[in-house]
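These notes are about the structure you will find just below.
Note that the numbering runs from 1 along the sequence shown for the chain. Scope of the values below: all heavy atoms of this structure, side chains included, with no hydrogens, waters or symmetry mates. Numbering of ligands and ligand atoms starts at 1, following listing order.
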Amino acid sequence: MRVPLLAGNWKMHKTVSEAVDLVKALLDGVGAPTDREVLVCPPYTALLAVQPLLEGKPIGLGAQDVFHEVQGAYTGAISPVMLRDIGCTYVIVGHSERRQYFGDDDAAVNRKLHSALAHGLRPIMCVGESKPQRDAGEAESVVVSQIHGGLAEVTAAQMNDVVIAYEPIWAIGTGDTATPDDAQAMHAAIRNVLTELFGDTVSSQVRIQYGGSVKPDNVDDLMAQPDIDGALVGGASLKAEQFLRIVHFQ
Ligand code: PEP
């Protein structure tokens with residue numbers, strides 16, 4: 001059985017004190033979920049401050065990106081060892097904003113993913129097409145190619161620790177979400193690729209999150225789809241009430 005993963009990507013939001021307040025509010029309302037997993041990915045600057053609050057609690061801690069090297073002269077970069085050291089268990093790689101603004105291509109995403117796995121972090125690998133690509137009928141081929149590139153040289157055993165997030169770029173931060181049917185179709189296509197690459201058993205176990213304007217009023221329909229195993233949530237993860245409603249999807 002795949003346990004849905006509800007993850008909040010806070011992006012470049014929240015000072016340390018705001019992050020602490022948000023985590024406290026989430027802990028107040030999260031309850032003790034047993035059939036779903038909850039994760040927050042604050043900015044680097046807030047990770048150390050929120051980590052002690054999350055110790056032993058049902059909300060995990062993740063980072064929004066990682067560099068593939070372990071240490072060295074890489075100004076501004078953060079290594080997987082550093083993230084493990086402060087209690088992160090997950091890291092997002094290949095978010096479309098990293099691809100767009102920081103030049104992360106599939107090869108860079110693949111290096112980050114391997115480094116995360118090698119150092120005990122579970123990567124959440126984001127894939128997704130742009131609006132022009134969707135309009136040109138290329139959505140599936142773009143996503144399939146990102147899956148192949150990002151997962152190059154990954155073993156079937158390692159896939160136990162990998163989460164895929166399908167995030168159509170045109171739906172991120174726009175309020176313009178994919179319909180549950182369209183999202184399901186892409187998730188099924190991704191699972192087919194995983195079957196080709198790793199076999200049935202692995203592909204039936206890998207979690208594929210949907211991301212792109214997930215909100216309290218659309219989460220139930222999206223999560224009802226058979227191949228959607230949770231959500232990667234941006235804007236709505238910044239407000240405790242909204243994220244808690246998403247976490248408690250029916
Ligand atoms: C995201 O940043 O991963 C995301 C899905 O953002 P939003 O929920 O705001 O569309």
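Ligand 1 has no nitrogen or oxygen under 3.5 angstrom from a nitrogen or oxygen of T174. Looking at ligand 1, you won't find any N or O of E97 less than 3.5 Å from one of its N or O atoms. On a distance-only criterion, L232 and ligand 1 share no N/O pair closer than 3.5 Å.
Between A171 and ligand 1 there is a heavy-atom distance shorter than 4.0 Å.
Using a 4.0 Å cut-off between a side-chain N of Lys or Arg and a carboxylate O of Asp or Glu, D104 and K112 qualify as a salt bridge. Here R191 does not pair with D200 in a salt bridge; the nearest charged N to carboxylate O distance is not below 4.0 Å. One finds a salt bridge joining E37 and R207 here, because a Lys/Arg side-chain nitrogen approaches an Asp/Glu carboxylate oxygen to under 4.0 Å.
A distance-only check finds a donor-acceptor pair linking the side chain of S213 to the backbone of G175 [under 3.5 Å].
Close approach to G212 involves these atoms of ligand 1, each under 4.0 Å from a residue heavy atom: 5 (C), 10 (O). Those atoms of ligand 1 with a heavy atom of E167 less than 4.0 angstrom away are 1 (C), 3 (O), 4 (C), 5 (C). Residue contact check: G173 has heavy atoms under 4.0 Å from atoms 7 (P), 9 (O), 10 (O) of ligand 1. The ligand atoms of ligand 1 that sit less than 4.0 angstrom from a heavy atom of G235 are 7 (P), 8 (O), 9 (O).
For D106, the salt bridge (Lys or Arg N to Asp or Glu O under 4.0 Å) criterion is met by R99, not counting sequence neighbours.
Here the straight-line distance linking atom SG of C41 with atom CG of L232 works out to 7.0 Å at 0.5 Å rounding.
When only non-hydrogen protein atoms are considered, atom 1 (C) of ligand 1 lies nearest to H95 NE2, 3.2 Å. In terms of protein heavy-atom proximity, atom 8 (O) of ligand 1 is closest to G234 N, 2.8 Å.
Donor-acceptor pairing under 3.5 Å is recorded for the side chains of E129 and W170.
Contact annotation: for A236 versus ligand 1, there are no heavy atoms closer than 4.0 Å. Only the side chain of N9 comes within 4.0 Å of ligand 1, judged by heavy-atom distances.
Using a 30° and 60° split on the angle between ring planes, Y74 and F67 fall in the tilted class, from 30° to 60°.
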